[in-house]
Amino acid sequence: MIGPWIVLGIYVFLMLWIVTFIIIQRDRISRMASMMAAMSLGMSIGLGVGTIVANWFPDNFFLATMISMFIGAFVGVITGISSGLMAVMEGLLAGIMGGMMGAMLMVMIPSSYIEPTIKMISILCYSIVFLIFLMLRGEIDSSSSHFKASVLTKPSLFFGVIVICFLVIYQTPISSKENVSDRPQPLDSNHQHHMTGEIQNR
């Protein structure tokens with residue numbers, strides 16, 4: 001299904017927008033705001049991508065967790081790399097935690113709830129990214145009175161993109177590779193007793 005790829009593409013698009021914003025405006029953004037952005041983006045992207053990767057590898061929890069942790073850590077590092085080592089460490093650790101928790105979440109829930117879970121986590125993460133954008137824009141407005149807005153720094157444009165992402169996620173079907181009917185069902189007591197009797201007769 002193309003649904004998970006659409007969700008993943010939106011994550012990548014929003015992540016690149018925020019990272020480009022931070023790199024271009026790094027002289028106007030305080031170190032504390034950069035650390036918060038790296039931590040928040042690494043955690044949210046790691047959590048969201050973790051749900052998708054775990055859905056792709058339902059039978060290999062180790063591989064799904066490692067991939068999710070690596071992606072979350074990578075996002076956190078590139079978000080904070082322009083602001084110093086402290087921001088890099090914040091993003092790295094938060095990304096690792098977010099990726100791990102996203103993969104763990106998908107393993108613990110039943111298959112029938114996989115699609116709504118991915119959509120709810122996606123909406124939550126997109127909302128967090130929008131809050132990160134507003135925080136960074138507020139930092140620029142407070143640090144410079146002669147700031148000239150560009151395409152990347154317009155809150156109305158970013159809000160419109162987020163709304164479009166919400167609509168796309170709501171309309172996109174997301175199916176898992178493992179359905180409830182595909183999972184092995186436990187044997188009932190009568191069937192177990194019948195099989196035990198056959199084994200004893202042999």
Side-chain angles (χ1 to χ4, degrees), residues 1-16 18 38-77 79 90-132 161-199:
M1 290 292 293
I2 196 174
W5 287 103
I6 294 177
V7 178
L8 185 62
I10 295 175
Y11 280 126
V12 173
F13 175 74
L14 296 178
M15 181 267 296
L16 291 176
I18 295 295
M39 180 183 68
S40 303
L41 193 64
M43 175 73 78
S44 57
I45 297 296
L47 179 66
V49 173
T51 59
I52 298 175
V53 175
N55 184 47
W56 282 339
F57 302 100
D59 298 324
N60 197 333
F61 177 60
F62 173 78
L63 180 61
T65 304
M66 292 298 105
I67 294 176
S68 304
M69 291 170 60
F70 176 79
I71 294 176
F74 176 76
V75 171
V77 168
T79 305
E90 287 274 0
L92 175 66
L93 298 176
I96 290 174
M97 184 180 298
M100 179 176 59
M101 297 304 293
M104 289 175 59
L105 174 64
M106 297 304 291
V107 172
M108 292 186 293
I109 64 174
S111 296
S112 57
Y113 292 98
I114 285 180
E115 181 167 340
T117 300
I118 292 179
K119 290 185 177 182
M120 291 176 61
I121 294 295
S122 299
I123 293 175
L124 175 64
C125 293
Y126 299 161
S127 302
I128 293 174
V129 173
F130 180 65
L131 293 178
I132 296 172
V161 171
I162 293 295
V163 171
I164 293 175
C165 293
F166 286 169
L167 296 176
V168 170
I169 291 300
Y170 180 77
Q171 297 292 335
T172 301
I174 301 173
S175 64
S176 62
K177 290 186 176 182
E178 185 179 17
N179 297 322
V180 178
S181 59
D182 296 334
R183 291 184 174 181
Q185 301 295 328
L187 300 176
D188 56 21
S189 58
N190 295 330
H191 189 52
Q192 288 180 347
H193 180 73
H194 179 70
M195 292 183 63
T196 303
E198 288 184 353
I199 294 175

Give, for atom [atom1] of [X] and atom [atom2] of [Y], the distance between the pair rounded to the nearest 0.5 Å.
X	Y	atom1	atom2	answer
Ser44	Leu47	OG	CG	8.0 Å
Met39	Ile132	CE	CD1	9.0 Å
Leu93	Met43	CG	CE	9.5 Å
Asn55	Ile118	CG	CD1	4.0 Å
Ile96	Ser68	CD1	OG	12.0 Å
Leu124	Ile121	CG	CD1	5.5 Å

_salt bridge (charged side-chain N to carboxylate O under 4.0 Å, His left out) pairs, two or more places apart, involving residues 98-113_ =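 Residue pairs with at least one partner in residues 98-113: there are none.
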
*Using the ring of each side chain (for Trp, its six-membered ring), is Trp56 parallel, tilted or perpendicular to Trp5, with breaks at 30° and 60°?*
tilted

Can you list everything that forms a side chain to side chain contact (heavy atoms under 4.5 Å, CB included) with [X]? Sequence neighbours excluded, please.
X	result
Phe74	Ile78
Phe62	Asn60, Met66
Ile67	Val53, Phe57, Leu63, Ile71

Identify all side-chain donor-acceptor contacts of residues 97-106 below 3.5 Å with residues at least two apart in sequence or on another chain.
none

*Start with the C-alpha gap between Leu14 and Val161, add the side-chain angles, then the distance that decides, and say whether side chain to side chain contact (heavy atoms under 4.5 Å, CB included) holds.*
CA-CA 9 Å; Leu14 296 178; Val161 171; 4.2 Å; yes

_Distance-minimising heavy-atom pair for Cys125 and Gly48_ = SG-N, 4.0 Å

*Which heavy atom of Ala54 sits nearest a heavy atom of Ala64, and at what distance?*
CA-CB, 3.8 Å

_As a test of understanding, state which of Ile162, Val163, Ile18 forms a side-chain contact (heavy atoms from CB on, under 4.5 Å) with Phe130._
Ile162

*Any pair with a residue in residues 98-121 that passes ring pair (Phe, Tyr, Trp, His ring centres under 6.0 Å), sequence neighbours left out, goes on the list, sorted by first then second residue, please.*
none

Side-chain donor/acceptor pairs under 3.5 Å, residues 6-13, sequence neighbours excluded:
residue : atom : partner : partner atom : Å
Tyr11   : OH   : Ser122  : OG           : 3.3

